[in-house]
Amino acid sequence: MFNSLQDFFSRKSSGAKTNKEPTDDDVKLAAATLMFEMVRSDGKVEQAEIAAMGEILRQQFSLAHEDVDEMIKLAQDTSDNSVSLQGFTSNICGKWGNAKRVTLLEHLWVIALVDQRVDAHERHLMRKVAGLLYMTEMQIIQAKENAMAHLGLDNF
């Protein structure tokens, strides 16, 4: 799996254009990159957020622990070298149905809420990603409520 992800990263960082359909690994990396964007959106990379991201990646994509670390590193590298979220969300929208995109939004909320505060930058990124994923206001609210329930938060 990670050879494909590394190939994806190599193509993106070298500026190579491909006209092929994104692979499942491309979409997984796109989702992980959005998660990493949420981790760092408030200006600091906190261990609790990285741990939450790692657990989400492990569960969602059935990754081994060593593969989770590699995925996070690739997501960080991809994030560092990207200029737009649109390519990532486009890949996701092309491969994932509405239910999987809502689940991704829930995961982004978990990452944003794990430190029990939501920064203005995190809110802005959430709205931007939700719009690019074609989520409705109700889906955004429900995703946040589900994330809060997952984390055991009563009110936020």
Side-chain angles (χ1 to χ4, degrees), residues 1-13 22-92 95-96 99-133 135 139-156:
M1 173 174 119
F2 286 100
N3 287 338
S4 177
L5 291 174
Q6 289 171 334
D7 291 345
F8 171 81
F9 178 67
S10 295
R11 286 192 314 270
K12 293 299 180 195
S13 64
T23 66
D24 288 340
D25 288 341
D26 294 337
V27 176
K28 289 176 184 178
L29 180 58
T33 302
L34 293 176
M35 290 179 206
F36 189 80
E37 285 286 328
M38 184 57 72
V39 165
R40 74 177 192 173
S41 66
D42 62 0
K44 33 190 186 310
V45 176
E46 294 183 19
Q47 187 55 41
E49 293 171 333
I50 290 290
M53 178 183 171
E55 186 59 24
I56 290 166
L57 292 172
R58 190 184 65 71
Q59 289 179 0
Q60 278 303 120
F61 303 136
S62 302
L63 298 177
H65 288 286
E66 59 273 5
D67 291 339
V68 168
D69 293 339
E70 181 69 18
M71 176 70 91
I72 291 171
K73 177 67 174 131
L74 285 171
Q76 180 179 1
D77 291 345
T78 304
S79 176
D80 290 346
N81 290 294
S82 68
V83 293
S84 171
L85 301 176
Q86 196 278 328
F88 304 120
T89 58
S90 177
N91 282 348
I92 290 167
K95 289 289 239 182
W96 286 359
K100 281 186 94 168
R101 294 193 318 264
V102 169
T103 299
L104 174 60
L105 205 61
E106 288 176 21
H107 295 323
L108 293 174
W109 275 118
V110 166
I111 292 167
L113 289 164
V114 75
D115 61 3
Q116 299 187 14
R117 64 182 184 275
V118 178
D119 176 88
H121 298 289
E122 290 170 322
R123 277 192 302 275
H124 173 75
L125 179 62
M126 187 66 68
R127 292 291 176 175
K128 186 174 185 175
V129 169
L132 291 168
L133 292 175
M135 299 286 100
Q139 289 171 315
I140 296 167
I141 293 168
Q142 187 63 54
K144 183 177 182 182
E145 289 174 0
N146 291 347
M148 288 171 49
H150 174 79
L151 293 169
L153 300 174
D154 292 331
N155 194 8
F156 205 82

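To the nearest 0.5 Å, the span separating CH2 on Trp109 from NZ on Lys144 amounts to 4.5 Å. A distance of 5.0 Å separates CG in Asp42 from CG in Asp119, rounded to the nearest 0.5 Å. Taking CG of Leu29 as the start and CZ of Phe61 as the end, the distance is 9.5 Å to the nearest 0.5 Å. Rounded to the nearest 0.5 Å, atoms CG (Asp77) and OG (Ser82) are 11.0 Å apart. Expressed to the nearest 0.5 Å, how far CD of Gln116 lies from CE of Met148 amounts to 10.5 Å. Annotation: the span from Asp26 atom CG to Ile92 atom CD1 amounts to 11.0 Å, rounded to 0.5 Å.
With contacts defined as side-chain heavy-atom distances shorter than 4.5 Å, the pair Asp25/Lys28 qualifies. You'll find the side chain of Met71 stays beyond 4.5 Å of the side chain of Asp67, heavy atoms only. Contact of the Gln142 side chain with the Asn146 side chain is registered, since non-hydrogen atoms from C-beta on lie closer than 4.5 Å. Residues Leu74 and Thr33 are not in side-chain contact: their nearest non-hydrogen atoms beyond the backbone lie 4.5 Å or more apart. The side-chain heavy atoms of Gln60 and Thr103, taken from C-beta on, include a pair separated by under 4.5 Å. His124 is not listed as a side-chain neighbour of Ser41, based on a closest heavy-atom distance of 4.5 Å or more. Between Phe88 and Val129 the shortest side-chain heavy-atom distance does not fall below 4.5 Å. The shortest distance between side-chain heavy atoms of Glu55 and Arg58 falls below 4.5 Å.
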Report the C-alpha separation of Arg117 and Glu46 in whole Å, then their side-chain angles, then the decisive distance to 0.1 Å, and conclude whether the salt bridge (charged side-chain N to carboxylate O under 4.0 Å, His left out) test is met.
CA-CA 12 Å; Arg117 64 182 184 275; Glu46 294 183 19; 2.7 Å; yes

Go through Ile111 and Glu122 one step at a time and tell me if the side-chain contact (heavy atoms from CB on, under 4.5 Å) criterion holds.
CA-CA 10 Å; Ile111 292 167; Glu122 290 170 322; over 6 Å; no

From CA spacing to verdict: side-chain contact (heavy atoms from CB on, under 4.5 Å), Met126, Met38:
CA-CA 8 Å; Met126 187 66 68; Met38 184 57 72; 3.5 Å; yes

Given side-chain contact (heavy atoms from CB on, under 4.5 Å), test Leu125 with Leu85 step by step and report yes or no.
CA-CA 10 Å; Leu125 179 62; Leu85 301 176; 3.4 Å; yes

List the steps and the verdict of salt bridge (charged side-chain N to carboxylate O under 4.0 Å, His left out) for Asp80 and Arg40.
CA-CA 11 Å; Asp80 290 346; Arg40 74 177 192 173; 2.7 Å; yes

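Salt bridge absent: Lys73 and Asp69 never bring a charged side-chain N and a carboxylate O closer than 4.0 Å.
Contact between His150 and Val110 at its shortest, heavy atoms only, is CD2-CG2, 3.9 Å. The heavy-atom pair separating Ile72 from Gly54 by the smallest distance is CD1-CA, 3.9 Å. Closest approach of Asp24 and Lys95 over heavy atoms only: OD1-CE, 3.8 Å. Nearest approach of Val114 to Ala52, heavy atoms of both residues: CG2-CB, 4.2 Å. Between Phe36 and Ile50, the closest heavy-atom pair is CE1-CD1, 3.9 Å. Minimum heavy-atom separation, Met35 to Leu108: CA-CD2, 3.6 Å.
Within a 6.0 Å radius of NZ in Lys128, other residues, nucleotides and ligands contribute 12 heavy atoms or fewer.
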